[in-house]
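The structure appears right after this line, and notes come after that.
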Amino acid sequence: MTGAAAVASLAAVAAGWLDLDGSSSSSTTTNLLLLRRWWSSSGPSGVEALLRGAWDAARAAAVAPALAAASWVLLALSAMLLADAVFLAAASLLAPRRCAAAAAAEDEEEEEGDEEAGGRDVGGCYPMVLVQIPMYNEREVYKLSIGAACGLAWPSNRVIVQVLDDSTDPTIKDLVELECKFWANKGKNVKYEVRNNRKGYKAGALKQGMLYDYVQQCDFVAVFDADFQPEPDFLLRTVPYLVHNPRIALVQARWEFVNPNEFLMTRIQKMTLDYHFKVEQEAGSSAFAFFGFNGTAGVWRISSIKEAGGWEDRTTVEDMDLAVRACLKGWKFIYVGDVKVKSELPSNLKAYRRQQHRWTCGAANLFRKTGAEIILTKEVSFWRKLYLIYSFFFIRKVVAHVVPFMLYCVVIPLSVLIPEVTVPLWGVVYVPTTITLIYAIRNPSSLHFIPFWILFENVMSFHRTKATFIGLLELGSVNEWVVTEKLGNSNGTKPVPQILEKPPSRSWDRWTMSEILVALFLFFCATYNLVYGGDFYFVYIYLQAITFLVVGTGFCGTSSSNL
């Protein structure tokens, strides 16, 4: 209550200084009158009027025009975001999944009947497949991933499981090596490979893994992160697409989650990723035979990796980098949504923030590095290049991250303080509502979580906005790489504490001051709008302020982390 009164007092003080309507209000608070009396008695009589006049002049000459310009730019970008969302939704809804396969594997000399057979069998011939599992200090999940890879239904003499262990903890390295020996003694072809450094992180490990002599006998490579557990029939349902059409470079499966109902944060993550797979990946596959490789749960044609230049560590999204370069060489991709691979959602807020920073910053930095190359390439069509530049990169990797925070958490709250700036109703209500419905329509079972999803995603957009500009401008932490923490929570229950687990941290150690400062700013704007505004923006702004405060003080996700 004391904090609320203080915010209300500050809003009243601001109203006196801003004097938005140029008139005195009979409802001016006692705090404001006392402050004015104090100012009059302690300072020169004309100072207040001078400062107020200076503010009025600055507001009219610079602040209001700048805010109005920013609002219209953001409104235009939000309209572009809406148009792209409509296109993606239509493409994913109207194109049957089998048509998506046909589009990706299009070949003038291939008959439709052969295409239909693409996902069913390998014609009695089992090509040699390499299964790569990169890992780094994965104490909680190494058994799950290695066991799942060794359990794939594929002839043992036609598959090689390659564990690329970059662990720095000697105990964990010993445990992983023992697990590999365990499966090798059971007749599985398991290779345990280590490096003497972590150069290039995951990309470096995958690149090194492709250099071993035994890899030369393999035609395809399946990649699984350490927390992914493919079903036994994974290769049987994915490799045939590559066997039946030589122009397909990648078959991407969908992620399924073992802990979506752990708490609200994991449920919201599932909603976001479900939209990514059900709409964005499906639409890219069906319309342009291209999408960003998700870094795991996919099978590559090894010759396409070599032609594209192999794995690169120039950004933190080595998977997307390889996909773009392969696309520019004319290779086609196919997304198979009915093949699902189990994985784990981050349940620690700090781990989730770092994961989102890596994904967002890396994509923006890749856009900077490959934009000119995409435009100048002659091996793909104009429409495919337009899709890459405009929809894939600009809209989804830049606009989608910047607009939610800048418009709904900065411009709209500021507009309640500057009466010369009015954000139109269609930009405040209609556009975001339509985009939200487009997101929700493919996930009807989660409709009741939509309000929480909106508020939490706006908080995350704050971090994604920072990461986007870091990537575009190549600032200090552009290549920051922190492995996402896993808990090995494969059955949806809380894990047993590990010996090496840190004790729960003190509450203030979980605080993020940047989020708390944004929360205070929003509380101030909401309170001012409640007291002096003529609309109801304060309802949304208060809710958003509370969400920033909850997330900023660490009351979201698990309380402990090994990071």
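Nothing fancy with the numbering, it's 1 onward along the sequence. Quick caveat: nothing in here was measured; it's all calculated off a predicted structure.
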- Whether over 12 other heavy atoms sit under 6.0 Å from K385 NZ: yes
- Shortest non-hydrogen contact from L88 to A283? O-CB, 3.5 Å
- Using atom types as modelled and distance alone, determine if a side-chain donor or acceptor of T360 lies under 3.5 Å from a backbone N or O of H357. no
- Task: Over 60° means perpendicular and under 30° means parallel, so classify the ring planes of Y439 and W453, tilted if in between.
- Result: tilted
- Note on the structure: Rounded to the nearest 0.5 angstrom, the CZ-SG distance for F333 and C327 is 6.0 Å
- Message: Quick one, D225 with K202, criterion salt bridge (charged side-chain N to carboxylate O under 4.0 Å, His left out). Give me CA distance, side-chain angles, the key distance, then yes/no.
- Response: CA-CA 10 Å; D225 283 350; K202 178 181 174 181; 2.8 Å; yes
- Under a 4.5 Å cut-off applied to non-hydrogen side-chain atoms, are L273 and R254 in contact? no
- Is the side chain of T266 donor-acceptor paired with the backbone N or O of L345 at a distance under 3.5 Å, no angle test? no
- Query: Heavy atoms, side chains only, cut-off 4.5 Å: are E474 and N479 in contact?
  - Reply: no
- Taking the side chain as every heavy atom from C-beta outward, state whether L264 and F449 have any pair of such atoms under 4.5 Å apart. yes
- Hey, is the main chain of A91 close enough, under 3.5 Å, to the side chain of E282 for a donor-acceptor pair? no
- Exam field: side chain Q252 to backbone T296, donor-acceptor pair closer than 3.5 Å: yes
- Message: For Y201 and D313: C-alpha separation, side-chain torsions, deciding distance, then whether side-chain contact (heavy atoms from CB on, under 4.5 Å) applies.
- Response: CA-CA 8 Å; Y201 303 108; D313 60 3; over 6 Å; no
- Message: Can a donor-acceptor pair be found, under 3.5 Å and without considering hydrogens, that links the side chain of N259 to the backbone of E262?
- Response: no
- Message: According to side-chain contact (heavy atoms from CB on, under 4.5 Å), who are the partners of K466, at least two apart in sequence or on a separate chain?
- Response: F462, H463, S514
- Message: Does the plane of the ring in W255 sit parallel, tilted or perpendicular to the ring in F257? Use 30° and 60° as the thresholds.
- Response: perpendicular
- Query: Can you find a heavy atom in the side chain of L250 that is under 4.5 Å from one in the side chain of F291?
  - Reply: yes
- Item | Considering all heavy atoms, the nearest A253-F277 contact | O-CE2, 3.9 Å
- Please report the C-alpha distance between Q229 and E256 in whole Å, then the side-chain angles of each, then the deciding distance to 0.1 Å, and finally whether the side-chain contact (heavy atoms from CB on, under 4.5 Å) criterion is met. CA-CA 10 Å; Q229 307 160 51; E256 188 175 45; over 6 Å; no
- Do M460 and R353 pass the side-chain contact (heavy atoms from CB on, under 4.5 Å) test, and can you show the C-alpha distance, the side-chain angles, and the key distance before you say yes or no? CA-CA 8 Å; M460 293 309 302; R353 282 198 196 101; 4.3 Å; yes
- Task: Identify the heavy atoms of S92 and A89 that sit nearest to each other, and give their distance.
- Result: OG-O, 3.0 Å
- Message: When you compare the side chains of D319 and N294, does any donor N or O come within less than 3.5 Å of an acceptor on the partner?
- Response: no
- Task: Return yes if a side-chain donor-acceptor contact under 3.5 Å exists between S391 and D84, otherwise no.
- Result: yes
- Which pair of non-hydrogen atoms, one from F521 and one from V410, has the smallest distance, and what is that distance? CZ-O, 4.3 Å
- L388 vs V380 side-chain heavy atoms within contact, under 4.5 Å: no
- Message: With a 3.5 Å distance limit and no angle check, can you tell me whether Q544 reaches the backbone of C409 through a side-chain donor-acceptor pair?
- Response: no
- Message: Could you check whether any side-chain N or O of Q269 sits under 3.5 Å from a backbone N or O of P346, counting only pairs where one atom can act as donor and the other as acceptor?
- Response: yes
- Message: Could you go through F394 and V399, starting from their C-alpha distance and side-chain angles, then the distance that decides it, and tell me whether this counts as side-chain contact (heavy atoms from CB on, under 4.5 Å)?
- Response: CA-CA 6 Å; F394 179 65; V399 174; 3.7 Å; yes
- Note on the structure: The reported gap from CG in L475 to CG in N365 (rounded to nearest 0.5 angstrom) is 10.0 Å
- When the ring centroid of F452 is compared with that of F456, is the distance short of 6.0 Å? no
- Roughly how far, to the nearest 0.5 Å, is SG of C361 from CZ of R354? 14.5 Å
- Message: Between K207 (side chain only) and G310 (backbone N and O only), is there a donor and an acceptor less than 3.5 Å apart?
- Response: no
- Interatomic spacing from CG in L522 to OG1 in T527 - rounded to 0.5 Å: 10.5 Å
- Only one of F393, F469, F367 passes side-chain contact (heavy atoms from CB on, under 4.5 Å) with V398; say which it is. F367
- Message: Testing the basics here: between A526 and I541, what is the closest heavy-atom pair and its distance to 0.1 Å?
- Response: CB-CG2, 3.6 Å
- Message: Whether the T168 and R198 side chains hold a donor-acceptor pair (N or O, under 3.5 Å, no angle test) is what I'd like checked.
- Response: no
- Side-chain ion pair, E312 and K369, N-O less than 4.0 Å: no
- Message: Could you check whether any side-chain heavy atom of M80 comes within less than 4.5 Å of a side-chain heavy atom of Y390, counting everything from C-beta outward?
- Response: yes
- Task: Indicate the ring-plane relationship of Y387 and F290, choosing parallel, tilted or perpendicular according to the 30° and 60° boundaries.
- Result: perpendicular
- Query: Can you tell if the side chain of M320 reaches within under 4.5 Å of the side chain of K397, non-hydrogen atoms only?
  - Reply: yes
- Task: Measure the acute angle between the ring planes of F293 and W300, then classify it against the limits of 30° and 60° as parallel, tilted or perpendicular.
- Result: perpendicular
- Taking T377 for the side chain and E373 for the main chain, is one N or O donor matched with an acceptor at less than 3.5 Å? no
- Query: So do the side chains of Q281 and H276 get within less than 4.5 Å of each other, counting heavy atoms only?
  - Reply: yes
- Query: CG of L543 to CG of L455: how many Å apart, nearest 0.5 Å?
  - Reply: 6.0 Å
- Message: To the nearest 0.5 Å, what is the distance between CG on L67 and OG on S415?
- Response: 6.5 Å
- Short question: side chain of N137, backbone of D169 - any donor-acceptor pair under 3.5 Å? yes
- Of the non-hydrogen atoms in P260 and K270, which two are nearest, and what is the gap between them? CB-CD, 3.3 Å
